[in-house]
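Since the structure is predicted, the reported quantities are computational estimates derived from the model, not experimental observations. In the text below, chain A, chain B and the rest are named by the order of the sequence lines, each starting its count at 1.
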Amino acid sequence: MKPSSRITIITLLGFWLTIFGGLPLLLLLVTSFLGQHPEKFFELNFSLESYRQLLDSSYLDILLRSIKQAVITTLLCLVISYPFVWLTARMNKRNRNIVLILVMIPFWTNSLIRTYAVRIIIGTNGLLNKMLLGLGLIDSPLRLMYSETAVVIGLIYLMLPFMILPLYANLEKFDYRLVEAARDLGAGNTQIFLRIALPLTLPGIIGGSIMVFVPTMGLFYVASLLGGGKNLLVGNLIHQNFLVSQNWPLGAAMSTALILMLLSMLLAYTFILRKMKSREVAG
Amino acid sequence: MKKLFIRFTVTVFAMLIPAAAVCSDKVFVYNWTEYIPDAVLQQFTEETGIKVIYTTYESNEAMYAKLKLMDGTGYDVVFPSTYYVNKMAKEGLLQVVDHELIPNINGLDALLLDKDYDPDNTYSIPYMWGSTGIAVNSELIPIEKVTSWKDLWNEEYRGQLLLHDDLREVFHIALSIKGYSSNTRNPKEIEEAYLLLKELMPNVLLFNSDSPRMPYLAGEATIGMIWNGEAYMAQEENPAIAYVYPTEGANFWVDSFVIPKGAKNIENAHKFINFMLRPDIAQACVESVGYATPVLTALPLLDEQLRNNPILFPSRAAIEAGEFQTDVGEALPVYQKFWEKLRSGN
């Protein structure tokens, strides 16, 4: 590539990032420091009021609940994905590609539509209940809809590929001969998993977990559609402040706080990764 | 986060489009979803030659935010509910409606004119009105057991209740049980209502106000709040879903035609409103959307069964027991604070 065309591409990318990434973020940050006004979206003066309100105990409760739900979703995604990816990585190339394509296909449908699909499946008169009733496994329909369980089911369904793909990228490189060697030397299954598989796949596990955890905090429509809007999550609060209560500074402050929180998680991740790499080199 | 930005950009562009097109033979109508039959809009264009540019919204808040951002430009006719009329009028977003250009105003029910939210109907003309009452699935709950808002607190209905995702309507329930006005601005009364609603929460299955009839039809919710028009539509699919006017009084609302301050096609807006108030057009609207019309002259045209349907047309006693919403002004943040507490389980 000629240096001049490289500069053009970088300039274009920089432009694109500034306009669609940097500028909105800056607007959000500025809005979060504006004053609140009951009849306008905001008042043009500097104020820390919104950040002070963030410390309100009910908001902290909502934050804790969102974190709890995101942690449960992440852990369940991990538990479901790990054996799946482990087996997939052992397959021959053709089967492996088929499996990965099957994982990707649902991605082509909008996530909102897939949330509605979950509703049709787990509803009181839904497919799942009809099937279980038909098989005689239950006498009265399970009432799954509009509960935290329903929200977690929906979140796992939407987020699973975000766990599978980073894990796969990591496990694909995993040298299976290490397992064979360990077995020859008399290691049991637990030992192989804890001392060989787990440490070597840790970057994939952490990467996948962050890919699931971060978007889960903001998926407000899953909580409203499957949870019945009973338990507000951080995403719902931001949505409500911007579009219902017309309190832009508070909504912007919440968004800023959420971004900062997730950003520090990403930084921690890169830090751990770098540390692991340097240890590898040293070891 | 990214989703939110995309939404904003899309909204901003969506707002610019109607603002850019200004043409004399058009009228820009911004309405609730499923609120005017398409045939009626076509008939208007055929009769007057005025093209209707029709856009819809799902909540007063969304409509208000859009008009406020654009400072009242971009649309010629909008349909805010009761208390949003005086909120918007007070904030200078609306213009005075010229009654002389709307001769059909004479056919309107005096009971729905000159209300607190807009004295003398300076800024608004009623389009349709309705109530928020109780829906009961009479297959699962004997209908005689449900007569009052208080019955929703019955422990038998644990995890079965539907409430509207609308703070004013939900607070109306508790305020009217306590004997207070549902338009109160007194923080103490609002707090008492909150404490009462908190006891109701274990019964609540979900909050919904885009189409509250759906959870009843799907068999998820068995009892709870509903708009009368939604109840009417639900009965067409499942006659077991009954509508009850609670003894403490239902919550009444009116959706009105208003003309935003920055409207470009003012004359066409008046023509449109006058057309919508014609008896045969009002009849077509009632038959299609299932809410009551304030056009008295349209009532004789309605099918007798529809005209006598108490879901659509409540008795005078039920109307007098109920209350119409008005703006609560500076008390709104107080409601909001308690609403958030209620929704976050505190």
**OP:** Determine yes or no for a side-chain-to-main-chain donor-acceptor pair under 3.5 angstrom, with A/Lys230 supplying the side chain and B/Leu205 the backbone.
**Re:** yes
Original post:
CD of A/Glu43: more than 12 outside heavy atoms within 6.0 angstrom?
Top reply: yes
Original post:
For B/Lys90, does the NZ atom sit with more than 12 other heavy atoms under 6.0 Å from it, leaving out its own atoms?
Top reply: yes
Subject >> Residue A/Asp56 excluded, over 12 heavy atoms near CG under 6.0 Å >> reply: yes
Original post:
What part of A/Gln36 is in contact with chain B, defined as an atom under 4.5 angstrom from a non-hydrogen atom: side chain, backbone, both or neither?
Top reply: neither
Subject >> Segment of A/Leu237 engaging chain B (4.5 angstrom heavy-atom cut-off) >> reply: side chain
Original post:
Any donor and acceptor pair, going by atom type alone, linking the side chain of A/Gln246 with main-chain N or O of B/Glu61 inside 3.5 Å?
Top reply: yes
Original post:
Between atom CG of A/Leu225 and atom CG of B/Asn208, what is the distance when rounded to the nearest 0.5 Å?
Top reply: 9.0 Å
Original post:
When you look at CZ of A/Phe271, are more than 12 heavy atoms from neighbouring residues, nucleotides or ligands closer to it than 6.0 Å?
Top reply: no
**OP:** Determine the option with the most heavy-atom pairs under 4.5 angstrom with chain B, choosing from A/Gly229, A/Pro215, A/Ser147, A/Gly126.
**Re:** A/Gly229
Subject >> Over all atoms of both residues, closest heavy-atom pair of A/Tyr146 and B/Pro215 >> reply: OH-CG, 4.1 Å
**OP:** Considering only heavy atoms and a distance below 4.5 Å, find which of B/Glu91, B/Lys87, B/Glu330, B/Met201 pairs most often with chain A.
**Re:** B/Glu91
Original post:
Just wondering, more than 12 heavy atoms not from B/Phe338 lying within 6.0 Å of its CZ?
Top reply: yes
Original post:
Do A/Ile62 and B/Glu340 come within less than 4.5 Å of each other through their side chains, counting heavy atoms only?
Top reply: no
Original post:
Is the number of heavy atoms from other residues, nucleotides or ligands within 6.0 Å of CD (B/Glu236) greater than 12?
Top reply: yes
**OP:** For atom CG of A/Asn110, decide whether the heavy atoms of other residues, nucleotides or ligands shown that lie under 6.0 angstrom number more than 12.
**Re:** yes
**OP:** Check each atom of B/Leu332 against the heavy atoms of chain A and say whether the ones under 4.5 Å are side chain, backbone, both or neither.
**Re:** neither
Original post:
Under 3.5 Å, is there a donor-acceptor pair between the side chain of B/Glu220 and the main chain of A/Gly123?
Top reply: no
